[in-house]
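To start, the structure under review is shown below, and the notes come after it.
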Protein chains: 2
Amino acid sequence: MRLTHEQFRELAAKHGLAVTHQRQVVYEAVIASHGHHSPESIYAAVRRRIPSISLATVYNNLRLFIECGLLREVTPHASTLRVDGNIKPHHHLVCSRCKSVQDIEGEFIDFNRLSRQLPDGFDLTQPLIEVFGLCRRCRAKT
Amino acid sequence: MRLTHEQFRELAAKHGLAVTHQRQVVYEAVIASHGHHSPESIYAAVRRRIPSISLATVYNNLRLFIECGLLREVTPHASTLRVDGNIKPHHHLVCSRCKSVQDIEGEFIDFNRLSRQLPDGFDLTQPLIEVFGLCRRCRAKT
DNA sequence: CGATCGTTTTATACTGATTATTATTCGATA
DNA sequence: TATCGAATAATAATCAGTATAAAACGATCG
């Protein structure tokens, strides 16, 4: 699955991004390899096509893509460890923007349906659910 | 909410942990301040009672507490950024141990119930749900 | 009481991910 | 072709977390 220059140009225009060769290659590297990738692995892939590219450029552009919704961040948490003294079953509401975490109560998961979707052997004995969205403050800022 | 030495001793014994003054103070600092805290902020709090304590001790003990279930980790993800090119609505299944992420399909969330629990102003227009558990491989290792 | 041994803590060095900085390059436009 | 702003490259700096090794502690045994 390789995008034509034309396709990427359209996509970038739609999100208000200037088109550069580096951007195109970085974006294609993410799309081409399905799954969840680290900046380093994307960097490695991109270097096969642009050996002179800088790691900073990869980081810059990944962040740009995430910000304008072209990509999704798979680690939307704060980058540092957070610890919770509450070990009763409860779930978390996480703000995708500011990474704040609030506890949330309630039975809003259909575990029957969920377990039908689980890959074989996945253990959900102590399920923790995290729901990502935008907290009021960040929503107001937009 | 301050634990007596006696209470902490029991708790530690139940989890097979030796009791030290530092451990007690670290644990109390987490419990006393409700919410989700970084090791640095816990370090700051603990230093008010044990000025000579080392940051490494705080990290060591937090990790211990997490391992034996006394505390819960709120950033169970890989510590590095991961990026997902799939921006169609889908959810994630995350292994709490090895931090691997798989996509998961299906409508297993009761959004009516969920939205009743949401704090005012929280925006769920692009909900992303992450379900934490133990993947088959890590479960086998135990 | 004093020696001993394993554990815990401390101090500090180190690693790895990410960000910041700054100079250079690129590309569009005048 | 000259100019200007944006993007990139190179590299330094930062920050969280981990590893290591020495010192301190504490229980136990003789």
Side-chain angles (χ1 to χ4, degrees), chain A residues 5 8-9 12-13 15-30 36-68 70-71 73-83 98-99 101, chain B residues 5 8-9 12-13 15-30 36-47 49-68 70-71 73-83 97-99 101:
Chain A
H5 288 221
F8 179 73
R9 200 159 302 191
H15 291 89
L17 275 187
V19 175
T20 68
H21 182 51
Q22 285 88 340
R23 277 186 190 158
Q24 170 148 15
V25 174
V26 169
Y27 182 72
E28 282 180 6
V30 178
H36 310 100
H37 299 282
S38 67
E40 279 292 340
S41 73
I42 293 164
Y43 178 53
V46 170
R47 276 218 286 190
R48 287 198 289 273
R49 290 177 58 195
I50 314 179
S52 68
I53 200 168
S54 156
L55 179 59
T57 300
V58 173
Y59 270 98
N60 285 341
N61 286 325
L62 287 179
R63 201 167 20 144
L64 261 178
F65 293 158
I66 289 167
E67 271 168 17
C68 67
L70 250 140
L71 295 180
E73 193 177 1
V74 186
T75 314
H77 271 166
S79 62
T80 66
L81 177 66
R82 293 301 150 85
V83 142
C98 71
K99 324 297 186 189
V101 179
Chain B
H5 289 222
F8 179 73
R9 200 159 299 190
H15 291 89
L17 275 187
V19 175
T20 68
H21 182 52
Q22 284 88 341
R23 277 188 189 155
Q24 169 149 14
V25 173
V26 169
Y27 181 72
E28 282 180 5
V30 178
H36 310 99
H37 299 281
S38 66
E40 280 291 342
S41 73
I42 293 164
Y43 178 52
V46 169
R47 276 219 286 190
R49 289 177 58 194
I50 313 180
S52 68
I53 199 168
S54 156
L55 179 59
T57 300
V58 173
Y59 270 99
N60 285 343
N61 287 324
L62 288 179
R63 201 166 18 143
L64 261 178
F65 293 157
I66 289 167
E67 270 167 19
C68 67
L70 249 139
L71 295 179
E73 192 177 0
V74 185
T75 314
H77 273 165
S79 64
T80 67
L81 179 66
R82 292 301 149 84
V83 141
R97 178 97 35 104
C98 72
K99 325 297 186 188
V101 179

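Note on naming: letters A, B, ... go to the chains in the order of the sequence lines (proteins, then strands), and numbering restarts at 1 for each one. All values derive from a computational prediction rather than experimental measurement.
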Atom [atom1] of [X] and atom [atom2] of [Y]: how far apart are they, to the nearest 0.5 Å?
{"X": "B/Arg63", "Y": "B/Leu71", "atom1": "CZ", "atom2": "CG", "result": "13.5 Å"}
{"X": "A/Leu62", "Y": "A/Arg23", "atom1": "CG", "atom2": "CZ", "result": "11.5 Å"}
{"X": "B/Glu28", "Y": "B/Ile42", "atom1": "CD", "atom2": "CD1", "result": "13.0 Å"}
{"X": "B/Gln24", "Y": "B/Ile50", "atom1": "CD", "atom2": "CD1", "result": "9.5 Å"}
{"X": "A/His15", "Y": "A/Glu67", "atom1": "NE2", "atom2": "CD", "result": "12.5 Å"}
{"X": "B/Tyr27", "Y": "B/Phe65", "atom1": "OH", "atom2": "CZ", "result": "8.0 Å"}

So, for [X] and [Y], which heavy atoms are closest and what is the spacing to 0.1 Å?
{"X": "A/Tyr43", "Y": "A/Leu55", "value": "CE1-N, 3.5 Å"}
{"X": "A/His37", "Y": "A/Ser41", "value": "CB-OG, 3.6 Å"}
{"X": "B/Val46", "Y": "B/Ala29", "value": "CG2-CB, 3.7 Å"}

Can you check the [X] [atom1] to [N] [atom2] distance for me, whole Å?
{"X": "A/Leu55", "N": "C/dT18", "atom1": "CG", "atom2": "P", "value": "9 Å"}
{"X": "B/Arg9", "N": "D/dG26", "atom1": "CZ", "atom2": "P", "value": "12 Å"}
{"X": "A/Tyr59", "N": "C/dG16", "atom1": "OH", "atom2": "P", "value": "13 Å"}
{"X": "A/Leu62", "N": "D/dT8", "atom1": "CG", "atom2": "P", "value": "12 Å"}
{"X": "B/Tyr43", "N": "D/dC15", "atom1": "OH", "atom2": "P", "value": "15 Å"}

| query | What does nucleotides 23-29 of chain C look like as a protein-contact string, B for base, S for sugar-phosphate only, - for none, at under 4.0 angstrom between heavy atoms? | reply | -------
What are the atom names and distances for every N/O pair under 3.5 Å that joins the protein to nucleotides 3-11 of chain C?
residue : atom : partner : partner atom : Å
C/dT8   : OP1  : B/Arg23 : NH1          : 3.3
C/dT9   : OP1  : B/Thr20 : OG1          : 2.5
C/dT9   : O3'  : B/Gln22 : NE2          : 3.2
C/dT10  : OP1  : B/Gln22 : NE2          : 3.4
C/dT10  : OP2  : B/Ser54 : N            : 3.1
C/dT10  : OP2  : B/Thr57 : OG1          : 2.8

| request: Five pairs at each end of the helix from C/dC1-D/dG30 to C/dA30-D/dT1: take the axis at both ends and give me the angle between them to 10°. | output: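 Answer rounded to 10°: the end axes differ by 0°.
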| task | Go through the structure and list residues passing side-chain contact (heavy atoms from CB on, under 4.5 Å) with A/Thr57, not counting sequence neighbours. | result |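 Counting only residues at least two positions away or on another chain, A/Thr57 forms a side-chain contact (heavy atoms from CB on, under 4.5 Å) with A/Gln22, A/Ile53, A/Ser54, A/Asn61.
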| said: Using the rule given for side-chain contact (heavy atoms from CB on, under 4.5 Å), can you reason through A/Val30 versus A/Leu70, listing the C-alpha separation, both sets of side-chain angles and the distance that settles it, and then say yes or no? | reply: CA-CA 11 Å; A/Val30 178; A/Leu70 250 140; over 6 Å; no
